[in-house]
Q: 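First the structure, then my questions, so here it is.
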Amino acid sequence: MNSILTQLNNLRKEGKKSLAVLVDPDKITDAAHVNHVINLIKHAGADIVCVGGSLLVEQGFHNILREIKEKCCVPVVLFPGSPQQISKDADAMLFLSLISGRNAELLIGQHVQAAPVLKKIGLEVIPTGYMIVDCGKQTTASYISQTFPIPHNKPEIAAATAMAGEMLGLKCIYLDGGSGADKPVSPAMIEAVRAAVDIPIIVGGGIRTERQVQEAYDAGADMIVLGTVFENEPEMLFSLSEVKERWSK
Ligand code: 1GP
């Protein structure tokens, strides 16, 4: 089977889009809830399940991940908030370098701790330039990382940052307004980043409506990530993923 990164690159070449749902293991309360989430993912057309969070306080991460992997038919990709969220049960991991910030631990420090473990378990790593964007309120990702987000109305900063990330060898860019953002990353910023780099662009944070999904795809996002809307109104996944199907036709 192709690696997840190869799949993303191939879809991009074919002009197709993808949709990921983000599952925060802390927000899944019991087995019935896990099953409900898995059923929705199966039937609503998500391409990838991302699992992780900036701050996990419950102990269920590895069990929930295993259960999702066993029962779900789509690839499971780790979106880790720390090296504790590494697992051989996933299909791949976004190896996040927080290039919008200047916190050395999140640019290279935690990677040094994680690298030997990742090598040992043989997990696919996707070197990802992670960029936190100010989308209306301070988010957990921004607070926990102790970094300033890129200002919402500064697409040129985002473009230059993404460009530097690509030049450093990163293989995709994740523009993130942060979980529960008031508004998504602007189409103008996505367009500027799209024009600046030739690698897949993932966009998440604050995306809740068909129009926002459409705008992100139109602006150049290759994959969008839905977290909060999936937690609060899981059935919305059906209509939001239809936008992807329509776009890709
Ligand atoms: C957060 O991009 C993800 O890192 C998803 O954000 O929860 O706002 O959908 P939401």
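Ligands are counted one by one from 1 in listed order, and the atoms in each one are counted from 1 as well.
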Q: Check E67 with K71, please: is the shortest side-chain N to carboxylate O separation under 4.0 Å?
A: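 Judged by the 4.0 Å cut-off on N to carboxylate O distance, K71 and E67 do form a salt bridge.
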
Q: Give me the nearest non-hydrogen protein atom to atom 3 (C) of ligand 1 as residue plus atom name, then the distance to 0.1 Å.
A: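 The closest one turns out to be Y174 OH, 3.5 Å.
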
Q: Have a look at G205, A181, G177 and point out the one with the heavy atom closest to atom 5 (C) of ligand 1.
A: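 When every heavy atom of G205, A181, G177 is considered, G205 comes closest to atom 5 (C) of ligand 1.
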
Q: Among all protein heavy atoms in this structure, tell me which lies nearest to atom 4 (O) of ligand 1, with the distance rounded to 0.1 Å.
A: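 Scanning the protein heavy atoms, the shortest distance from atom 4 (O) of ligand 1 goes to D176 OD2, 2.5 Å.
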
Q: What atoms in ligand 1 come closer than 4.0 Å to a heavy atom of G206?
A: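 Counting atoms of ligand 1 from 1, those under 4.0 Å from G206 are 8 (O), 10 (P).
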
Q: Which of the atoms of ligand 1 are close to F79, meaning less than 4.0 Å from one of its heavy atoms?
A: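 What qualifies from ligand 1 is 4 (O).
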
Q: To check your reading of the model: name the closest protein heavy atom to atom 9 (O) of ligand 1, its residue, and the distance in Å.
A: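 Heavy-atom neighbour on the protein nearest atom 9 (O) of ligand 1: G227 N, 2.8 Å.
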
Q: Within a strict 4.5 Å, meaning less than it, do heavy atoms of the M189 and I157 side chains meet?
A: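 No - every pair of side-chain heavy atoms lies 4.5 Å or more apart.
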
Q: So which protein heavy atom does atom 7 (O) of ligand 1 come closest to, and at what separation?
A: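 Scanning the protein heavy atoms, the shortest distance from atom 7 (O) of ligand 1 goes to T228 OG1, 2.5 Å.
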
Q: Going by the angle between their ring planes, with limits at 30° and 60°, are Y174 and F79 parallel, tilted or perpendicular?
A: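 Rings of Y174 and F79: parallel, as their planes differ by under 30°.
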
Q: From M163 CE over to D198 CG, what is the distance, rounded to the nearest 0.5 angstrom?
A: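 Rounded to the nearest 0.5 Å, the CE-CG separation comes out at 12.0 Å.
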
Q: Can you measure from CG (D47) to NZ (K17) and round to the nearest 0.5 angstrom?
A: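 Reported value, rounded in 0.5 Å steps: 12.5 Å.
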
Q: Inspect the surroundings of CZ in F148 and state if more than 12 heavy atoms from other residues, nucleotides or ligands are less than 6.0 Å away.
A: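 No, the 6.0 Å shell around CZ holds no more than 12 heavy atoms from other groups.
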
Q: Go through ligand 1 atom by atom and flag the ones less than 4.0 Å from a non-hydrogen atom of G204.
A: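 Result: 2 (O).
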
